[in-house]
A.B. asks: 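Sharing a structure here in C-alpha coordinates format.
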Amino acid sequence: AQSVAQPEDQVNVAEGNPLTVKCTYSVSGNPYLFWYVQYPNRGLQFLLKYITGDNLVKGSYGFEAEFNKSQTSFHLKKPSALVSDSALYFCAVRDSADRGSTLGRLYFGRGTQLTVWP
Amino acid sequence: KAGVTQTPRYLIKTRGQQVTLSCSPISGHRSVSWYQQTPGQGLQFLFEYFSETQRNKGNFPGRFSGRQFSNSRSEMNVSTLELGDSALYLCASSPSGASTDTQYFGPGTRLTVL
(Lines give C-alpha, C1' and ligand atoms only; values in the text may rest on other atoms or scores of the structure.)
Protein backbone atom coordinates (compact mmCIF):
# COMPACT_ATOMS: atom_id res chain seq x y z
CA ALA A 1 0.00 0.00 0.00
CA GLN A 2 1.10 3.54 -0.66
CA SER A 3 2.14 5.70 2.26
CA VAL A 4 4.08 8.80 3.18
CA ALA A 5 5.84 9.56 6.44
CA GLN A 6 6.94 12.93 7.67
CA PRO A 7 8.93 11.99 10.76
CA GLU A 8 9.03 15.47 12.29
CA ASP A 9 5.85 17.19 13.43
CA GLN A 10 7.77 20.42 13.91
CA VAL A 11 10.96 21.95 12.54
CA ASN A 12 12.42 25.14 13.96
CA VAL A 13 15.16 27.08 12.21
CA ALA A 14 16.68 30.54 12.44
CA GLU A 15 16.20 32.96 9.59
CA GLY A 16 19.06 32.76 7.12
CA ASN A 17 19.93 29.17 8.03
CA PRO A 18 19.29 26.24 5.70
CA LEU A 19 16.16 24.22 6.30
CA THR A 20 15.22 20.62 5.63
CA VAL A 21 11.78 19.03 5.93
CA LYS A 22 11.94 15.26 5.73
CA CYS A 23 9.71 12.88 3.81
CA THR A 24 9.89 9.14 3.16
CA TYR A 25 7.50 7.11 1.07
CA SER A 26 6.40 3.60 0.26
CA VAL A 27 4.96 2.53 -3.10
CA SER A 28 4.92 -0.66 -5.12
CA GLY A 29 5.69 0.95 -8.47
CA ASN A 30 7.53 4.15 -9.24
CA PRO A 31 6.77 7.16 -7.03
CA TYR A 32 5.43 10.47 -8.20
CA LEU A 33 6.23 12.87 -5.37
CA PHE A 34 4.84 16.29 -4.48
CA TRP A 35 5.38 19.00 -1.90
CA TYR A 36 2.68 21.45 -0.84
CA VAL A 37 2.63 24.30 1.67
CA GLN A 38 -0.36 25.49 3.67
CA TYR A 39 -0.63 28.88 5.35
CA PRO A 40 -3.21 29.41 8.13
CA ASN A 41 -6.81 29.29 6.91
CA ARG A 42 -5.70 28.68 3.34
CA GLY A 43 -5.69 25.79 0.91
CA LEU A 44 -2.62 23.85 -0.17
CA GLN A 45 -0.18 25.59 -2.46
CA PHE A 46 1.93 23.51 -4.86
CA LEU A 47 5.70 23.85 -4.44
CA LEU A 48 7.31 21.19 -6.63
CA LYS A 49 7.10 17.64 -7.90
CA TYR A 50 9.30 14.75 -8.99
CA ILE A 51 8.09 12.54 -11.80
CA THR A 52 11.26 11.27 -13.44
CA GLY A 53 14.73 12.45 -14.44
CA ASP A 54 17.06 14.64 -12.41
CA ASN A 55 16.96 13.74 -8.71
CA LEU A 56 17.20 17.39 -7.68
CA VAL A 57 13.98 19.24 -8.34
CA LYS A 58 13.70 23.00 -8.09
CA GLY A 59 10.41 24.64 -7.21
CA SER A 60 8.75 27.84 -6.15
CA TYR A 61 10.09 30.41 -3.64
CA GLY A 62 13.62 28.99 -3.67
CA PHE A 63 12.64 25.52 -2.47
CA GLU A 64 14.15 22.35 -3.87
CA ALA A 65 13.85 18.67 -3.10
CA GLU A 66 16.10 15.71 -3.59
CA PHE A 67 14.75 12.35 -4.66
CA ASN A 68 16.69 9.40 -3.24
CA LYS A 69 15.41 6.08 -4.51
CA SER A 70 17.61 3.87 -2.33
CA GLN A 71 16.49 5.67 0.84
CA THR A 72 12.91 6.17 -0.47
CA SER A 73 13.13 9.79 0.54
CA PHE A 74 12.15 13.14 -0.92
CA HIS A 75 13.37 15.82 1.50
CA LEU A 76 12.45 19.45 0.98
CA LYS A 77 15.26 21.98 1.31
CA LYS A 78 15.98 25.66 1.14
CA PRO A 79 19.46 27.20 1.45
CA SER A 80 18.36 30.26 3.43
CA ALA A 81 15.10 30.29 5.41
CA LEU A 82 12.81 33.30 5.67
CA VAL A 83 10.35 34.12 8.45
CA SER A 84 7.65 34.09 5.76
CA ASP A 85 8.42 30.41 5.08
CA SER A 86 6.76 29.55 8.40
CA ALA A 87 3.84 27.30 7.47
CA LEU A 88 2.62 23.70 7.36
CA TYR A 89 4.34 21.53 4.75
CA PHE A 90 2.89 18.38 3.23
CA CYS A 91 4.60 15.67 1.25
CA ALA A 92 2.39 13.55 -1.04
CA VAL A 93 2.88 10.54 -3.30
CA ARG A 94 1.16 8.72 -6.12
CA ASP A 95 2.08 5.22 -7.22
CA SER A 96 2.74 4.52 -10.91
CA ALA A 97 1.38 1.02 -10.31
CA ASP A 98 -2.04 2.30 -9.26
CA ARG A 99 -4.92 1.15 -11.39
CA GLY A 100 -8.65 1.34 -11.25
CA SER A 101 -10.13 2.79 -8.10
CA THR A 102 -6.85 4.15 -6.75
CA LEU A 103 -5.60 5.67 -10.01
CA GLY A 104 -4.51 9.25 -9.53
CA ARG A 105 -5.19 9.37 -5.80
CA LEU A 106 -2.74 11.47 -3.78
CA TYR A 107 -1.55 10.10 -0.44
CA PHE A 108 -0.45 12.75 2.04
CA GLY A 109 1.85 12.75 5.02
CA ARG A 110 0.66 14.21 8.34
CA GLY A 111 2.43 17.48 7.72
CA THR A 112 5.41 19.28 9.29
CA GLN A 113 5.01 22.66 10.94
CA LEU A 114 7.98 24.82 10.00
CA THR A 115 8.77 27.80 12.20
CA VAL A 116 11.46 30.23 11.15
CA TRP A 117 12.42 32.63 13.92
CA PRO A 118 14.08 35.99 13.31
CA LYS B 1 -5.87 31.99 -15.15
CA ALA B 2 -8.17 32.02 -12.18
CA GLY B 3 -7.46 29.41 -9.51
CA VAL B 4 -9.77 26.90 -7.93
CA THR B 5 -12.66 28.58 -6.15
CA GLN B 6 -14.79 27.14 -3.38
CA THR B 7 -18.01 28.42 -1.92
CA PRO B 8 -18.93 29.12 0.73
CA ARG B 9 -15.72 29.72 2.64
CA TYR B 10 -17.30 29.23 6.04
CA LEU B 11 -20.37 27.32 7.09
CA ILE B 12 -21.99 26.62 10.44
CA LYS B 13 -24.58 23.87 10.69
CA THR B 14 -26.22 21.83 13.42
CA ARG B 15 -26.24 18.07 13.83
CA GLY B 16 -28.67 16.28 11.57
CA GLN B 17 -28.70 18.97 8.88
CA GLN B 18 -27.27 18.54 5.43
CA VAL B 19 -24.82 20.74 3.57
CA THR B 20 -23.69 21.30 -0.02
CA LEU B 21 -20.25 22.62 -0.90
CA SER B 22 -19.30 23.91 -4.32
CA CYS B 23 -16.04 23.87 -6.27
CA SER B 24 -15.13 25.52 -9.57
CA PRO B 25 -11.94 24.10 -11.07
CA ILE B 26 -9.29 25.90 -13.06
CA SER B 27 -10.52 26.53 -16.58
CA GLY B 28 -9.78 23.51 -18.77
CA HIS B 29 -9.30 21.11 -15.86
CA ARG B 30 -11.57 18.10 -16.02
CA SER B 31 -10.64 16.25 -12.84
CA VAL B 32 -11.87 17.40 -9.44
CA SER B 33 -10.92 15.76 -6.16
CA TRP B 34 -12.21 16.41 -2.66
CA TYR B 35 -10.33 16.05 0.62
CA GLN B 36 -11.25 16.40 4.26
CA GLN B 37 -8.67 17.96 6.57
CA THR B 38 -8.89 17.61 10.35
CA PRO B 39 -6.23 18.03 13.06
CA GLY B 40 -6.64 14.42 14.15
CA GLN B 41 -6.82 12.60 10.81
CA GLY B 42 -4.89 14.96 8.56
CA LEU B 43 -5.77 15.05 4.88
CA GLN B 44 -8.13 12.30 3.79
CA PHE B 45 -9.28 11.63 0.26
CA LEU B 46 -13.05 11.72 -0.27
CA PHE B 47 -13.60 11.19 -4.00
CA GLU B 48 -12.53 12.19 -7.47
CA TYR B 49 -14.64 13.07 -10.49
CA PHE B 50 -13.69 13.16 -14.13
CA SER B 51 -16.07 13.96 -16.97
CA GLU B 52 -19.08 13.79 -14.63
CA THR B 53 -18.14 10.29 -13.43
CA GLN B 54 -16.87 9.31 -10.01
CA ARG B 55 -13.63 7.44 -10.62
CA ASN B 56 -12.30 7.03 -7.10
CA LYS B 57 -13.81 7.03 -3.64
CA GLY B 58 -12.17 7.13 -0.26
CA ASN B 59 -13.24 5.37 2.89
CA PHE B 60 -16.11 7.61 3.98
CA PRO B 61 -19.69 6.69 4.80
CA GLY B 62 -22.47 7.05 2.26
CA ARG B 63 -23.54 10.32 3.88
CA PHE B 64 -20.78 11.89 1.83
CA SER B 65 -21.61 12.20 -1.83
CA GLY B 66 -20.68 14.33 -4.76
CA ARG B 67 -21.29 15.07 -8.37
CA GLN B 68 -19.71 16.85 -11.28
CA PHE B 69 -21.43 18.90 -13.94
CA SER B 70 -20.71 19.14 -17.64
CA ASN B 71 -18.69 22.34 -17.08
CA SER B 72 -16.48 20.40 -14.61
CA ARG B 73 -17.82 22.27 -11.59
CA SER B 74 -18.35 19.93 -8.68
CA GLU B 75 -20.45 19.78 -5.56
CA MET B 76 -20.18 17.61 -2.51
CA ASN B 77 -23.02 16.92 -0.13
CA VAL B 78 -22.97 15.71 3.43
CA SER B 79 -26.25 14.54 4.87
CA THR B 80 -27.22 13.98 8.49
CA LEU B 81 -24.28 15.97 9.79
CA GLU B 82 -22.34 14.75 12.81
CA LEU B 83 -20.03 16.69 15.11
CA GLY B 84 -17.09 14.78 13.65
CA ASP B 85 -17.78 16.21 10.21
CA SER B 86 -16.38 19.55 11.35
CA ALA B 87 -13.38 20.04 9.11
CA LEU B 88 -11.78 22.00 6.31
CA TYR B 89 -13.01 20.59 3.01
CA LEU B 90 -10.59 21.08 0.17
CA CYS B 91 -11.23 20.77 -3.51
CA ALA B 92 -8.43 20.25 -6.04
CA SER B 93 -8.42 20.23 -9.80
CA SER B 94 -6.06 18.86 -12.41
CA PRO B 95 -6.15 18.62 -16.19
CA SER B 96 -6.96 14.93 -16.48
CA GLY B 97 -6.42 13.28 -13.11
CA ALA B 98 -3.41 11.42 -14.46
CA SER B 99 -0.88 10.22 -11.91
CA THR B 100 1.70 12.73 -13.12
CA ASP B 101 -0.73 15.67 -12.98
CA THR B 102 -0.33 18.36 -10.36
CA GLN B 103 -3.43 18.95 -8.28
CA TYR B 104 -4.19 22.60 -7.56
CA PHE B 105 -6.15 23.30 -4.43
CA GLY B 106 -8.81 25.81 -3.59
CA PRO B 107 -8.91 27.80 -0.33
CA GLY B 108 -11.30 25.32 1.27
CA THR B 109 -14.64 25.48 3.01
CA ARG B 110 -14.50 25.50 6.80
CA LEU B 111 -17.50 23.53 8.07
CA THR B 112 -18.42 23.73 11.74
CA VAL B 113 -21.10 21.37 13.05
CA LEU B 114 -22.69 22.36 16.36
Side-chain angles (χ1 to χ4, degrees), chain A residues 1-7 9-10 23 25 27-53 57 59-60 65 67 87-113, chain B residues 1 3-7 9-10 21 23-26 29-51 53-60 87-112:
Chain A
Q2 308 85 340
S3 66
V4 175
Q6 294 181 241
D9 291 336
Q10 186 129 6
C23 170
Y25 65 89
V27 296
S28 54
N30 293 317
Y32 302 136
L33 294 153
F34 302 79
W35 275 103
Y36 288 87
V37 60
Q38 186 178 34
Y39 296 96
N41 299 314
R42 305 281 290 277
L44 274 64
Q45 186 174 332
F46 171 70
L47 283 177
L48 51 80
K49 69 178 178 182
Y50 171 83
I51 302 300
T52 187
V57 179
S60 306
F67 172 65
L88 187 57
Y89 290 80
F90 290 95
C91 180
V93 69
R94 287 199 188 101
D95 189 341
S96 69
D98 277 353
R99 296 290 183 267
S101 64
T102 58
L103 176 65
R105 185 185 301 191
L106 260 181
Y107 295 85
F108 283 90
R110 295 298 301 257
T112 298
Q113 180 66 48
Chain B
K1 237 181 202 182
V4 178
T5 58
Q6 292 186 245
T7 56
R9 291 293 311 278
Y10 301 92
L21 281 52
C23 171
S24 293
I26 292 171
H29 285 192
R30 297 171 64 192
S31 168
V32 173
S33 297
W34 289 89
Y35 295 84
Q36 181 196 64
Q37 185 179 19
T38 59
Q41 300 298 318
L43 279 156
Q44 295 189 89
F45 173 79
L46 281 156
F47 27 65
E48 186 242 357
Y49 287 87
F50 178 80
S51 290
T53 300
Q54 186 183 86
R55 288 200 301 195
N56 302 308
K57 189 177 191 307
N59 191 25
F60 278 81
L88 181 67
Y89 289 88
L90 293 164
C91 162
S93 76
S94 67
S96 66
S99 293
T100 54
D101 272 2
T102 297
Q103 285 191 347
Y104 295 92
F105 284 78
T109 294
R110 171 76 61 186
L111 172 64
T112 302

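Proteins get letters first, then strands, A, B, ... in listed order; numbering begins at 1 in each. Because the structure is a prediction, the values reported are computed rather than measured.
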A.B. asks: For a side chain to side chain contact (heavy atoms under 4.5 Å, CB included) with B:Gln103, tell me which candidate from A:Tyr36, A:Phe46, A:Phe34 qualifies.
C.D. replies: A:Tyr36

A.B. asks: Side-chain contact test, heavy atoms from C-beta onward, threshold under 4.5 Å: evaluate it for B:Gln37 versus A:Phe108 and give yes or no.
C.D. replies: no

A.B. asks: Please confirm whether the backbone N or O of B:Asp101 pairs with a side-chain atom of A:Arg94, one donor and one acceptor, at under 3.5 Å?
C.D. replies: yes

A.B. asks: Which value, rounded to the nearest 0.5 Å, describes the distance between A:Ile51 atom CD1 and B:Thr102 atom OG1?
C.D. replies: 7.0 Å

A.B. asks: Heavy-atom cut-off 4.5 Å, strictly under: side chain, backbone, both or neither for A:Gln38 against chain B?
C.D. replies: side chain

A.B. asks: Treating A:Arg42 as the side-chain partner and B:Gly108 as the backbone partner, does any N or O pair qualify as donor plus acceptor under 3.5 Å?
C.D. replies: no

A.B. asks: Treating A:Arg110 as the side-chain partner and B:Gly40 as the backbone partner, does any N or O pair qualify as donor plus acceptor under 3.5 Å?
C.D. replies: yes

A.B. asks: So, for B:Tyr10 and A:Asn41, which heavy atoms are closest and what is the spacing to 0.1 Å?
C.D. replies: OH-CB, 4.5 Å

A.B. asks: So which atom in A:Asp95 and which in B:Ser99 form the shortest heavy-atom distance, rounded to 0.1 Å?
C.D. replies: O-OG, 4.3 Å

A.B. asks: So which heavy atom on B:Thr100 is nearest to which on A:Lys49, and how close?
C.D. replies: O-NZ, 2.8 Å

A.B. asks: Taking the side chain as every heavy atom from C-beta outward, state whether B:Tyr35 and A:Leu44 have any pair of such atoms under 4.5 Å apart.
C.D. replies: no

